[in-house]
Every structure is written in C-alpha cells, then in structure tokens.
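Naming: A, B, ... by sequence-line order, numbering from 1 per chain.
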Amino acid sequence: MIARRELFIFRKQRESTAFNHFFLSILVVFSLGPVVLLGVNSFKSNAEMGLNPLGLPREWRLENFGRAWEKGEFERTFKNSVIYVVGTVSLALVFCGLAAYSLARKNPPGANFVMIYLLVMSTVPIWLYLVPLFFMWRQLGFLNTYHGLILIYTAFNAPFSIFLLRSYLIGLPVELEDAARVDGANELQVLLRVIVPLAWPGFLTVGLVVGLGVWSEFQVAVIFTHNPEMFPVTTSYFKFTDRFGRDWSLTNAGAFMMVAPVLILFLALQRRFVEGLTQGGVKF
Amino acid sequence: MAADNATPLDSRSAQMPNPPGRKSKRKRQWTRYRLMRYYVVPWLFLIPILGLHAFVVVIPALQGVYYSFTDWSGIGEAKFIGLRNFEEMFFEDQSYIDALSRNVQWMLFFVSVPFAFALFGSSLLAKVRRGAMFYRTALFMPFILPSIVTATIWRYLYNPRFGLPTLVGYDKALLGQSDTALWAIAFADNWHFWGFLMVLFLTAMQGIDPVLYDAAKVDGANRWREFWHVTLPGIRPVVLFMMMMVMIWAFLVFDYIFILTGGGPAGATEVLGIDIYKNAFQRFEAGYAAAQGMTICVFAGLIVCVFAFLRKRGWDI
C-alpha cells in the first residue's frame, strides 16, 4: 500500500516538472538575458550596436574596456568606491558586532527598547531626514569627504547589521564563552577570541550585504558628493553621454566593469548573499 | 549555565551570598563588578553605533519635522510659518498632487506585477529538485545589480533605434513619451526586484507541511487549486508583510526615475522623491521639501496602521 502510494507521488512529480522546467527556463532567459546581453555588447563597437543590437559581436573589441576606463575616470571612482566600501564595512562590523553581542548575550536593561528603536528606525522613510541631514553635513563640512559618506552608510546599515549579527550570536553555544571567562578573559577578549572566530559566517554575510549596498548606492552618493574627486563608481555612468548622444559601447563596457566584481563575488558566495539579503529585507 | 542571559539578579549572585548585615569590602567590590558587568560594559558596546545612528537619522528627522513648519531655504534663518507648507501642498501645488498620484500608480504596479512574477516563479521552483539551485541563483541575480547598471541595461533595451520595441515594429521611445515612461521604468525596476520576492516566497513555501499537498492530491486538486488552497494560504503572512513593505517603498522611489528620465518627459515621471530632490537642492525650498518628506512619513505610518488593523481583525500577517 505504502509502495503504491509512493509510486503514485513519484510518477506525478516526474510528470509535472517538465512543465515547471519549461516556464522556469523562460524566466531564466528573462532574468539572465539582459545581463548576458550587457556582457556581449560591451565588446561591440558603437557602430555595430545599431546594426547588430542583440547578436554576438563580429569583432570582440577588448579596447572598449580601456577606453571606458579612461573616459569614465574609473581609476578614481573605483578607488573611491573601494574606500567607501572598506570604510563602511569595517565600521559596521566592529560597532554593530559590539552592539549585537551586547544585545544577544548581555541583555542589559533597555535592550528591548533598543530593538524596538532599531525596528522602527529601519522603516522610517529616508526622505524625512535626508534633506536636513544634507544641510547638517554641509555645516559640519562633511560634504565631499570620505568620512562623511562612510558615516551615513554605516548608520543606514546599522539596524540590519545588528539584527542579523544578533540572530547569529544567539545561535552560538554559550558554554565556550563561559569557559573563556573562567580562564580569566575579559569581555573584549571573549568577543575577539571566542565569538568572532565562531560567528565569522555571520560577519561575512553582513560584510557582503553592506559592501554590496555601498558599492551599488546611488541616491545618497549623488546628493552628498559634488566634487568629481570624490565620486563613487556608480556616477561614472554620466561620463558616457555628451551633447551628441550616448556612446553605447563605452556605456556597456563601463557598466560591465562596474558589475563584474559584484557578479564574481555573488557567484562564489551566492548562498551568503541570498541569505543575508532576504533576512535583512533591505532594498537598494 | 544560563547566567549570561539572565537579569542582574541571577543565579550567580545567589551562588556567592554575602554574610548579612556586614558591608564588607568584598560585597562592595562584588556590587561594582556586577554594575560593570551587567550595566556599564553592555551599554559601552551599544553606545557608539546607537550614537552614530541617532546623529545621522534621529536628529535630522527631528529637524525635518521642525523645518516642515518653516519657509527655510537651506541657508540662513528659518521662519516659522505654521501649516502654510501643507496648505500649499494639498491645495495649491498641482505638481505635488500629480507626483503623489504617480507614486500611487507605482505602488499599484509593484503590489501586482512583481508579486505575480514571484508567486509564479516560486510555486514552479518549489516543486523542482534538479537544477533548483541554478534556477534560484539565476532568478535572484538581477537583484544584486546596482540600480545604475539595471537602468543602463534597460535604457539600451528600450532604445527606439535598435532596442526590443523595434523587434515588433514599435519605433517610439518608451522612455520618451509621457504615457509610457513611468511604466517602462517600473518594469525595469520590477525586473531587478521580483527575484528577491521569489526567494522570500520560496523559503516560506518550504515551511508548508507536505501532508497538505498529499491531501490536495488525494482530493484531486489540479495545479491551480493546489496553489490557491494550499500554497497561497501557507505563505500568506510573508506575502502580506512584503505587500506592506512594498507599499511603503513605493513612496521612496528615486534611483531608477532619476537615472532614466530625471522626472521627464515634461514631468511625466516626477514622483515625490524627484520633487523633493528638486525642491531641496535646486529650488532652495528646503522647508517645503522637509514638509513633503513629512507627508511620506505619514503615508508610511498610515499603511502600517492599516495592516496592523487588519491583523487585529484576524488576518494573520
């Protein structure tokens, strides 16, 4: 009886997945097609783009990347973006890590209030505070500086980072920390020698998500930087248009270079990306 | 060893009782140790990031509330003008009303199209074993692309000279016409966004009891009925929660519109985000922009209240 039942389900599933695979493949083409096209088109010449918009290039022009690198001033914008990303990720990991540890393990009086505060703050619309923040930053002389943008990014990412790290830390066994304490470690030593080595997947996930967010960020960057010396990589895009129109081969090559590091990291560590992004519920 | 999770009055202090009625040095030390351990150190760990967050978010937010009642230009003194800004917004400024209606259109698009895509994709993917990981990765991938790259891709695809529309003989610029621009941008954003929803729904679907599916099969349910009567009720809390979030996010949209049309053509895609940006940074009406930002906050609050009300009425969110 059981065997027949299992057989029934098995047959049913075999039958049904062809339908699923068919439509999923269509969705995959819809999702990946434009990305592949971006990659392919970044090798075409601007003239070929009009004649052959969707096919493979007749001639793979590697020099597009060199020209886009120069014209988009990627040398500078890449460097700036790396500084923004590294600065924000390290600040967020250190300070959100401390806060998450405190909330997960120490549970000080007021911890619940802190959690509610973070929850509410992560849903307050950015437009409520963006305009006054801009004028405050101007007064402090923080516009067009690395630390100005890094502080904003760190604060914006704090609620998500603290929540995610806290949920990781709560899952760790408490015995190891106690053992370290019995051996005479102080709080900071416990955190650095016990927690961080155990919870590194959580830290990695948060680092990846925060880093991705900063690398891709556009809105804050465009409002808080006006000096080309400080532009992040996302603003390089504007360099490819002039009065006569858009150079599509350079635009595509530039966009491809912008996204290549992200894609490589994503393919290597996609589980962590998916987990971190879906748990945080953040949107870019 | 639950001592570390417990309140200050935990087992550890009970384990080391002090002799009653004698204020020994040891007791004072112990009190100080406990104070440090349970109050001071945990808060020292919390203060840096909370301070920064308050500095970047809370203080400007409070300032924003204040400025929304002033005619501040962004420089110099702000004069208190009461509710004048709000009066102007709702009764005189047609561009605010138009922008708001575009945000509502954007919201209607985003509570329908990405949810349809995501429910379709996730219900297909939940049944698949072979290649499931590949599908999930591929469909999620657009979500990690920076908005500027997504916008570049779709600007190319919408190109009137050789883009996708030309394949079906349509040679008008989708982004250049008032009646299509907003939907074209929304579709590009949807392409980027729906994979994220799909993964959330997929995770929720994995939590549905398989017995329910077996029961549906025994009852002879087809695909659609199975989806409607088992899958959808099973993931309803996630779907409704995400609907709430998407409705809030619909009022914040900025990136895609700023990059693709900048509010044009002829203001046809000017949403609140763009309007606020222009008021604050181009027209030097920071007080008015702050008031507009306040209204977004109120709308977000209203949306949360509606969902909280529905939840109270027994919808399980």
Short side-chain donor-acceptor distance under 3.5 Å, A:Asn41 and B:Tyr156
yes
One should read off an interatomic distance between A:Leu27 CG and B:Trp194 CH2, to the nearest 0.5 angstrom, of 4.5 Å
Would you confirm whether A:Asn20, through its side chain, and B:Leu124, through its main-chain N or O, come within 3.5 Å as a donor-acceptor pair?
yes
Sort out for me which of B:Leu197, B:Val41, B:Leu200 touches chain A most, counting heavy-atom pairs under 4.5 Å.
B:Leu200
Ring centroid separation for A:Trp127 and B:Phe254, is it under 6.0 angstrom?
yes
Between B:Leu272 and chain A, which part of the residue has a heavy atom less than 4.5 Å away: side chain, backbone, both or neither?
neither
Run A:Tyr153 and B:Val56 through side-chain contact (heavy atoms from CB on, under 4.5 Å) and show every step you take.
CA-CA 9 Å; A:Tyr153 288 145; B:Val56 172; over 6 Å; no
Measure the OG-CE distance between A:Ser31 and B:Met198 for me, rounded to the nearest 0.5 Å.
8.0 Å
Pairwise distance CD1(B:Ile153) to CG(A:Leu37) - rounded to 0.5 angstrom:
8.5 Å
Structural part of A:Leu151 lying under 4.5 Å from a heavy atom of chain B:
both
Just verifying a value: how many Å separate A:Leu118 CG and B:Leu50 CG, rounded to the nearest 0.5 Å?
6.0 Å
Parallel, tilted or perpendicular: rings of A:Phe30 and B:Trp191 (30°, 60°)
perpendicular
Side chain, backbone, both or neither: which part of B:Ala291 has a non-hydrogen atom closer than 4.5 Å to chain A?
neither
A:Ile26, part contacting chain B, at a heavy-atom distance under 4.5 Å:
neither
Are any of the side-chain heavy atoms of A:Leu38 and B:Val149 separated by less than 4.5 Å?
yes
Check the angle between the aromatic planes of A:Phe135 and B:Trp72 and answer parallel, tilted or perpendicular using the 30° and 60° thresholds.
perpendicular
To the nearest 0.5 Å, how far apart are CD1 in B:Ile49 and CG in A:Leu98?
9.5 Å
If I measure from the heavy atoms of chain B, does A:Ser25 come under 4.5 Å with its side chain, its backbone, both, or neither?
both
Sort A:Ile170 into side chain, backbone, both or neither according to what part of it lies under 4.5 angstrom from a heavy atom of chain B.
neither
Could you look at B:Asn159 and say if it's the side chain, the backbone, both or neither that has a heavy atom under 4.5 Å from chain A?
side chain
Relative to chain A, which segment of B:Arg155 carries a heavy atom at a distance below 4.5 Å: side chain, backbone, both, or neither?
both
Candidates B:Phe117, B:Tyr135, B:Phe120 - the one meeting ring pair (Phe, Tyr, Trp, His ring centres under 6.0 Å) with A:Phe23
B:Phe120
Say you draw a straight line from CZ of B:Arg136 to CZ of A:Arg271; how long is it, rounded to the nearest 0.5 Å?
6.5 Å
Hey, can you tell me if B:Phe281 and A:Phe134 have their rings parallel, tilted or perpendicular (30° and 60° cut-offs)?
perpendicular
Name the region of B:Ala300, side chain, backbone, both or neither, that has any atom closer than 4.5 Å to a heavy atom of chain A.
side chain
Within 45 degrees of the axis of the six-membered ring of A:Phe19 and under 6.0 Å from its centre: does B:Arg223 put its NZ or CZ there?
yes
So, do A:Tyr117 and B:His53 have ring centers that fall under 6.0 Å from each other?
yes
Contact part of A:Val94 toward chain B, heavy-atom cut-off under 4.5 Å: side chain, backbone, both or neither?
neither
